[in-house]
Novice: 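Handing you a structure now.
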Amino acid sequence: CYLSGGSCAIIGGEPCQPVAAYETCTTADECGPYANCVHFADGTPFCGRRCTTAVDCPPPPTGYETLVPACNTAATSPACYLVCSGPGTCPTGHVCFRYASGTYGYCA
């Protein structure tokens, strides 16, 4: 169970985590038992669910359904992130990173 803000119930003896997948974070404690607080060198830290393939990744937040979840399998600790298509397409607090080639790539 993940809720953005506010309090929530205890589930299986563990409190529901306050930060949803892909939302900004400062520590892994904010991200729940299956995610880490990750960031790319150029962006804001966010809760990235641990993964082995994109199938493991949660859907994008409400209002950002056009973003595509992906798994960064090249990382030492693979985590989910959101693929974006341009400015203004990422959740609040993030920007769509642009590669040197000029194409857009991921929310950071």
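These numbers come from a predicted model, not from an experiment.
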Novice: Quick one: does Thr24's side chain have a donor or acceptor within less than 3.5 Å of a partner on Gly93's backbone?
Specialist: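 Between the backbone of Gly93 and the side chain of Thr24 there is no qualifying donor-acceptor contact (under 3.5 Å).
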
Novice: Who pairs with Cys57 by side-chain contact (heavy atoms from CB on, under 4.5 Å), at least two apart in sequence or on another chain?
Specialist: Tyr22, Cys51, Pro69, Cys71, Cys80

Novice: Decide yes or no for Pro91 and Leu82: does some side-chain heavy atom of the first lie under 4.5 Å from some side-chain heavy atom of the second?
Specialist: yes

Novice: For residues 76-93, which residue pairs pass the side-chain hydrogen bond (donor to acceptor under 3.5 Å, both in side chains) check, not counting sequence neighbours?
Specialist: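 side-chain hydrogen bond (donor to acceptor under 3.5 Å, both in side chains) check on residues 76-93 returns no pairs.
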
Novice: If you compare all heavy atoms of Val38 against all heavy atoms of Cys25, which two are closest, and at what distance to 0.1 Å?
Specialist: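 Where Val38 meets Cys25 most closely, the heavy atoms are N-SG, 4.5 Å.
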
Novice: Name all pairs fulfilling the side-chain hydrogen bond (donor to acceptor under 3.5 Å, both in side chains) condition that reach into residues 93-108, sequence neighbours left out, sorted by first residue then second.
Specialist: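 Counting only pairs at least two positions apart or across chains, the side-chain hydrogen bond (donor to acceptor under 3.5 Å, both in side chains) contacts touching residues 93-108 are Asp42-Tyr106, Arg98-Tyr104, Ser101-Thr103.
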
Novice: Kindly check if Cys107 and Cys90 bring their SG atoms closer than 2.5 angstrom.
Specialist: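 In this structure, Cys90 and Cys107 share a disulfide.
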
Novice: For Thr62, give me all partners under side-chain hydrogen bond (donor to acceptor under 3.5 Å, both in side chains), at least two apart in sequence or on another chain.
Specialist: none

Novice: Count I, L, V, M, F, W, Y as connected when their side-chain heavy atoms are under 4.5 Å apart, and connections chain through other members. Are Phe97 and Val83 then in the same cluster?
Specialist: yes

Novice: Partners of Arg49 by side-chain hydrogen bond (donor to acceptor under 3.5 Å, both in side chains), sequence neighbours excluded?
Specialist: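 Here no residue qualifies.
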
Novice: Indicate the atoms forming the closest heavy-atom contact of Pro45 with His39, along with that distance.
Specialist: CA-CB, 3.5 Å

Novice: Check whether Glu65 reaches the backbone of Gly63 with its side chain - one donor and one acceptor, N or O, closer than 3.5 Å.
Specialist: yes

Novice: Who pairs with Asn72 by side-chain hydrogen bond (donor to acceptor under 3.5 Å, both in side chains), at least two apart in sequence or on another chain?
Specialist: none

